[in-house]
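Input: a single structure, listed below in C-alpha cells.
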2 protein chains.
Amino acid sequence: MSRSESRDDVRRRREEIRDLRRQMRQSRHELRRMGSRGQPEESRAAILRAVAIEFSEQGIAGARTDAIARAAKVNKALLYYYFQDKETLYGAVLDEAFGRMKLAIFQVLDSSLPSSEKIVAYVGAYFDFIASNPIYPRLMQREMMRARAGDSVHIERLVKSYFEPIYHRVSELLHKGIREGVFRKVDPAHFVPSMIATIVFYFSSAPVMRRLFHFDPLTPERIAERRAAVLDFISAALFKPCSSANPGVRQ
Amino acid sequence: MSRSESRDDVRRRREEIRDLRRQMRQSRHELRRMGSRGQPEESRAAILRAVAIEFSEQGIAGARTDAIARAAKVNKALLYYYFQDKETLYGAVLDEAFGRMKLAIFQVLDSSLPSSEKIVAYVGAYFDFIASNPIYPRLMQREMMRARAGDSVHIERLVKSYFEPIYHRVSELLHKGIREGVFRKVDPAHFVPSMIATIVFYFSSAPVMRRLFHFDPLTPERIAERRAAVLDFISAALFKPCSSANPGVRQ
DNA sequence: ATTATCTAACTAACTGGTTAATTAACAATG
DNA sequence: CATTGTTAATTAACCAGTTAGTTAGATAAT
C-alpha cells in the first residue's frame, strides 16, 4: 500500500516538474521556436555556427555535442536530425570555411594585376581572410593533425577541392614572375608553404605571443603591424634585390 | 564436501594460471619487470615515451590512458602511481621535449660565430631538431590550441622557461646584426615568429603536402631540400641585398 | 490527418581514476 | 641461515561520471 502510494507520489511530482519546465521554457523564449516549424534554416545555420566554434576550440575528440546544442539553442537530437553524426557535422563546417576562403583568394588570383602586385595582393587577401575568420586556421590545424594520425576522412577532399586549385594558380603566378625577371628563382613547392607559414603562424601562436610580449597580439593595430611585417618579409624573400619592381610595404 | 573440493579446485587452477602467466611474462620480457621491483626507472621512462606519442597524435582529450598503458606495457594504475593525473603526465612530457629543444638551441646561441653565420646556424639547428624530433612541433601546436581555449595550465611555464630565454637571445642577435649593417632593419618581434613559422610549418602540414605533391615530404632527401629552401628564404628576407655578407644556402 | 520540426528522457559504451591485493627485494631478527 | 617484517613496484577488478547517439512522442502548419 505505502509502496503504491510512493509510486503515485513520484509520478505526480514528475508531472509537476514537467509542467514547471514547460512554463519556464515558454517564459524564457517567449514562445519562440516551440514545438515545430519555427525557423528550420535558422536552426541549421545556428548549429553549424556552434559546431564551428566548438570544434575549432576543442577539436573533434574534445567537442561535446551537448555543448554544441546548448550553444545553438537547440536540442541535441536536432543535430542528428540534420546531420548523420559528429563527423559529418565536422565535414560540413570544414567545407563551409574552406569554400569561403577559396572564394576570397580566387577573387584576387582572377584579377588582372601584374605579377609582383598580384602576389602581394594574394598574401594580403589571405592574411585578411584569416584575420577576420580566425576559426579557419584553427580548423585547418586540427584537420592536419588528425590527418597525420590517419584519422581524417576529410583531408583528401579538402586538398583536392581547395588547396590544389589554389596552389596551382599561385605556382603559375610565381613561375610567371620568375620568367619576367621580377622574382628570384624560387621553387614554388617550397615558397608557397613558406608564405602560408608566415601568414598563418602569427595567429595560431597568438597565445604564446601574448605571454611573450605582454600585450594582446590580436588588436586591430597589432594585426595591421603584423600584416606589414608579413608583406615585408615575403617581399624581401621573393623580389629580386636591387630591382625597381619592389612594391613591398614597410612601416 | 563437494564444496570444499571445488574450492580446492579453484585454488589449484588459480595457481596454475599464475604460474602460466609468470612463464609467459618471463619468456616475453626475458625476466624484465616481473611482479614488483623490476626497474622503476625503465617503467617511468616507458610511460613517458608512450605518453609523448599518444598525446602528440591524439591530443589531451583524444588520448586514452588505457592506450598509453598498453603502449608502455604497464598497468594503467601505474600511470597514477608515478603521476598525479593525465594533466601532470602531459606536463612532464612537455618539459622533457622543450627542455631538450632549449639545450640544442642554446648550444648554437652560445657559440662565438659572427652574426650572419650564427643566425643561419640557429635556423639550421632548430630545423634539425624538429626534423629529428617530430613530436615536438606537434606538442607545441596542441598546447597552443589548448592555451587559446584557455585550457592550458602549462603555457605560462613553457613561455617563461623556454620561449622567452630563446626569444631574447635571438632578438639580441638580430639587433647586433642590424647594428653591424649585415641585416636589414627588421623588427625581431615579427621576424622571429616568421622564421619559426617557416621552419615549423613544413612539418606540421606534411599530411597536406603528401597529398598535394603525391610523394612523401618526410624522406631524408626531401627534408634536406626543405632545409635548403628554408635557409634561402630566411637569408633572402634578412640579409641586406647587394651585400657581400650573404652565406645563404642555394640548391 | 499528415508531415516537417522539435524535445525530454534514455541507454549502451566508454573513460579517467581508485582500491585492495600481490609480488619481489631487502633488512633485521632469532 | 632461515624466518619474518617492511617497503616499493605492480596489477586486476572495479566504479562513478560522461558521452555519442536513439527513441518515443509533442507541437504546429498545411
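Here is the naming used below: chain letters follow the sequence lines, and residue numbers restart at 1 for every chain.
Heavy atoms of A69(A) sit nowhere under 4.0 angstrom from any nucleic acid atom. Contact annotation for A61(A): no contact, since no heavy-atom pair falls under 4.0 Å across all strands.
The nearest whole Å value for the distance from the CD1 atom in I60(A) to the C1' atom in dT19(D) is 14 Å. Rounding to whole angstrom units, NZ of residue K76(A) and P of dG21(D) are separated by 9 Å. Following rounding to the nearest Å, L79(B) (CG) and dT15(C) (P) show an atom-to-atom distance of 15 Å. In this structure, the CD1 atom of I47(A) is 12 Å from the P atom of dT5(C), given to the nearest Å. Here dT11(D) presents its P atom at 13 Å from NZ of K73(B), a figure rounded to the nearest Å. Between R70(B) atom CZ and dT11(D) atom C1' there is a gap of 16 Å when expressed in whole angstrom units. With rounding to whole Å, Q58(A) atom CD is found 16 Å from dA20(D) atom C1'.
Between S43(B) and dA9(D) there is no side-chain N or O to OP1 or OP2 distance below 4.0 Å. For the OP1/OP2 pair of dG16(C) and a distance below 4.0 Å, the side-chain nitrogens and oxygens of T65(B) include at least one atom meeting the criterion. A close approach under 4.0 Å does occur between a side-chain nitrogen or oxygen of N75(B) and OP1 or OP2 of dA12(D). Side-chain N/O atoms of Y80(B) include none lying less than 4.0 angstrom from OP1 or OP2 on dT18(C).
Applying the side-chain hydrogen bond (donor to acceptor under 3.5 Å, both in side chains) rule to R44(B) yields no partners; only residues at least two apart in sequence or on another chain are considered. Partners of F213(A) under the ring-ring contact (aromatic ring centres under 6.0 Å, His included) rule, at least two apart in sequence or in another chain, are F215(A), Y167(B).
Within 6.0 Å of CD in Q107(A) there are 12 or fewer heavy atoms belonging to other residues, nucleotides or ligands.
Looking at R211(B), its side chain does come within 3.5 Å of a backbone N or O of P207(B) through a donor-acceptor pair.
Contact of the M140(B) side chain with the L158(B) side chain is not registered, since no non-hydrogen atoms from C-beta on lie closer than 4.5 Å. Using a 4.5 Å heavy-atom cutoff, the side chains of P217(A) and Y202(A) are in contact. Side-chain atoms of T198(B) and R226(B), non-hydrogen and from C-beta on, do get closer than 4.5 Å to each other. Side chains of F203(A) and Q141(A) form no contact here, defined as non-hydrogen atoms less than 4.5 Å apart.
Taking five base pairs at each end of the helix from dA1(C)-dT30(D) to dG30(C)-dC1(D) and finding the rotation axis that steps the C1' atoms of four pairs onto the next four gives two axes whose angle is 20°, to the nearest 10°.
In this structure, R64(A) does not pair ionically with E54(A), as no charged nitrogen and carboxylate oxygen lie closer than 4.0 Å.
Of the candidate nucleotides dG17(C), dA12(D), dT7(C), dT7(C) has the atom nearest to the side chain of L78(A). Here dT11(D) is the nucleotide among dA20(D), dT7(C), dT11(D) with the atom lying nearest to any side-chain atom of V74(B). When each of dA12(D), dA8(C), dG17(C) is scored by its nearest atom to the side-chain atoms of A77(B), the top-ranked nucleotide is dA12(D).
Rounding to the nearest 0.5 Å places CZ of R142(B) at 12.0 Å from CG of L94(B).
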Atom pairs and distances, side-chain donor-acceptor, residues 95-102 of chain B, under 3.5 Å, sequence neighbours left out:
from    : atom 1 : to      : atom 2 : distance (Å)
D95(B)  : OD1    : R157(B) : NE     : 3.4
D95(B)  : OD1    : Y162(B) : OH     : 2.7
D95(B)  : OD2    : R157(B) : NE     : 3.1
D95(B)  : OD2    : R157(B) : NH2    : 2.7
K102(B) : NZ     : S161(B) : O      : 3.0

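If you check residues 81-90 of chain B against DNA chain D, the residues with a heavy atom closer than 4.0 Å are Y81(B), Y82(B), listed by number.
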Please produce a list of atom pairs where a protein N or O lies less than 3.5 Å from an N or O of nucleotides 12-14 of chain C.
none

Does the pair E57(A) and R148(B) meet the rule for a salt bridge (charged side-chain N to carboxylate O under 4.0 Å, His left out), with working shown?
CA-CA 8 Å; E57(A) 280 186 354; R148(B) 185 175 35 234; over 6 Å; no
